[in-house]
Amino acid sequence: MRNSIAIRLAAMFAAAALVAFALLGGALHRVLSGELARHQQAQIDGRLEDMAYMLEHGRAVGLGERIRDKLDTLGAADPRTRSWLASDDPAFRYGEDLPLVEAAITAGRDSVELPVGTPPRLTRMRIRGGELAANGARPAVRYIAGVDAEPFGDTLRTFETAVVLLTLAGTALAAALGYWIARIGLGPVQRLSADAQRIGPDDRARRLQLPALPRELSDLGSSFNAALDRLDAAYRQLATFSDDVAHELRTPLANLIGQTQVALARERNADALREVLQSNLEELERLRAIVADMLFLARAEQGVRARDLVASSLAQEVGKTVEFLDLLLDEAGMSVQVEGDAVAPIETSLFRRALTNLLQNAIQHSRPGSRVVVRIGGDERSAAVSFSNPSAPIAPEQLPRLFDRFYRVDSSRRNSGENHGLGLSIVKAVAVMHNGTVFARSDNGITTVGFSVALKA
């Protein structure tokens, strides 16, 4: 059975109620127990005061007999309060079970169990006594008073039973009310779940209605909507990626099939077949490059980081890249100007790959005879390399997508034979592998594309 928030909240309410009732019941029990003990003590003290007064102020003639008669009268009026007198003079000895009571007082106990009623039953009596020295009217005497503790104990036990029952009933009621309140309080969550379940592949534009959510769930709803936006963007990117992959692979495959069919249509000499094979090899090389680049991007997206980092001069790496592509620059009549320098920890093979892609991109999208300006700079946390070249303006909304796979600003996909649209995606992957970022700007006919690498691995 799955955990239920409502049940868990109800259990928490019940636990809180149980603790509260237990603490309250314990406090009331303590107060009642103290009051009952005080009341017993007050009864005993009152009887002791009466006895002491009679013994102190009674007339000498027949004092013992008058005191016993008075105690009989008090006992009849309040049978739960009993009195005892102990003395060497038999006239001043009074009360049943006097030896037991006297022994308890002598031992320093404040209670004694005595048989009471018919048939007799043992009941606990709280006792207390005092002593008076002999005077002219009477001998030395010990007077004792006691009160039956059973009614007080019964009252306390009845209270304890009532507290336990009320605590259990209150806990059950708190659990029921807590469950009901939790169900009402979780209503927005259920509506949130229902709204989320209505979102599907055929209705990706649907979002949670944030104004209808309480403040506590508003952040959750916003985060969920943001996650849906990211998933929708990834879904669209995946659909576009599939279309682009099909397009990029279709052209070389069509070329291979067409050229092979033409070669097989009639007899060919060795030179003609060699020419066909050479053309097919070029298309196969292009397919291999596409697959290799896609595998590299997949590896980068799995979180692989650059290894074998070497602190290198970025200007020197740019110079090596310019030298490597010198033939392309000469054919286009273009030149490269390098400004600035920085030293950063890089994996040289990956870094050169990114520089090569950026320079090729600049050559391809610049007018013949243009100059490409390479700027190197940074701060205490990262170093950046950017390539700026004259080109057609790029809309601001298109700049972030330049690094998407197979994305081209020109929707007609011109020059598809010269590249397969993964160059800047690889630049982004290299930047991420070096804990860096990519950036692109287009201002006043100058397009700047670049990336950064972290100075600390």
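Numbers here are sequence positions counted from 1.
Residues Ala6 and Tyr179 share a closest heavy-atom pair of CB-CE1, 3.7 Å. A pairwise comparison of heavy atoms in Ala14 and Ala175 identifies CB-CB, 3.7 Å as the closest pair. Closest of all the heavy-atom pairs between Leu48 and Arg128 is CD2-O, 3.6 Å. Minimum heavy-atom separation, Arg307 to Glu347: N-OE1, 2.8 Å. Residues Ile363 and Ala332 approach most closely at CG2-CB, 4.3 Å, considering heavy atoms. Heavy-atom minimum distance, Leu350 versus Ala306: CD1-CB, 4.2 Å.
Side-chain contact of Thr447 with Arg441: a donor-acceptor pair under 3.5 Å is absent, judged by distance alone.
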For this session: Any chance you could lay out the side-chain contact (heavy atoms from CB on, under 4.5 Å) test for Asn389 and Ile446, step after step, and finish with the verdict?
Result: CA-CA 6 Å; Asn389 60 278; Ile446 301 296; over 6 Å; no
For this session: Check the pair Val336, Leu325 against side-chain contact (heavy atoms from CB on, under 4.5 Å), reporting the backbone distance first and the verdict last.
Result: CA-CA 11 Å; Val336 177; Leu325 297 178; over 6 Å; no
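Between the side chain of His365 and the backbone N or O of Asn361, at least one donor-acceptor pair lies under 3.5 Å. In this structure a side-chain-to-backbone donor-acceptor pair under 3.5 Å is present from Thr161 to Arg157. With Asn357 contributing its side chain and Gly423 its backbone, the two residues share a donor-acceptor pair below 3.5 Å. Between the side chain of Ser386 and the backbone N or O of Val449, no donor-acceptor pair lies under 3.5 Å. Judged purely by atom type and a 3.5 angstrom limit, Asp97 has no side-chain atom pairing as donor or acceptor with the backbone of Leu100. Formation of a donor-acceptor pair under 3.5 Å by the Thr260 side chain with backbone atoms of Leu256 is found in this model.
By the 4.0 Å N-to-carboxylate-O rule, Arg124 lies too far from Glu150 to be salt-bridged with it. Using a cutoff of 4.0 Å between basic side-chain nitrogens and carboxylate oxygens, Glu35 and Arg38 are scored as salt-bridged. Using a 4.0 Å cut-off between a side-chain N of Lys or Arg and a carboxylate O of Asp or Glu, Glu285 and Arg288 qualify as a salt bridge.
Shown here is Glu339, whose CD atom has more than 12 heavy atoms of other residues, nucleotides or ligands within 6.0 Å.
Counting only heavy atoms from C-beta outward, the side chains of His39 and Val147 never approach each other to under 4.5 Å.
Proximity of the aromatic rings of Phe451 and Phe351 is defined here by a centroid distance below 6.0 angstrom, and this criterion is met.
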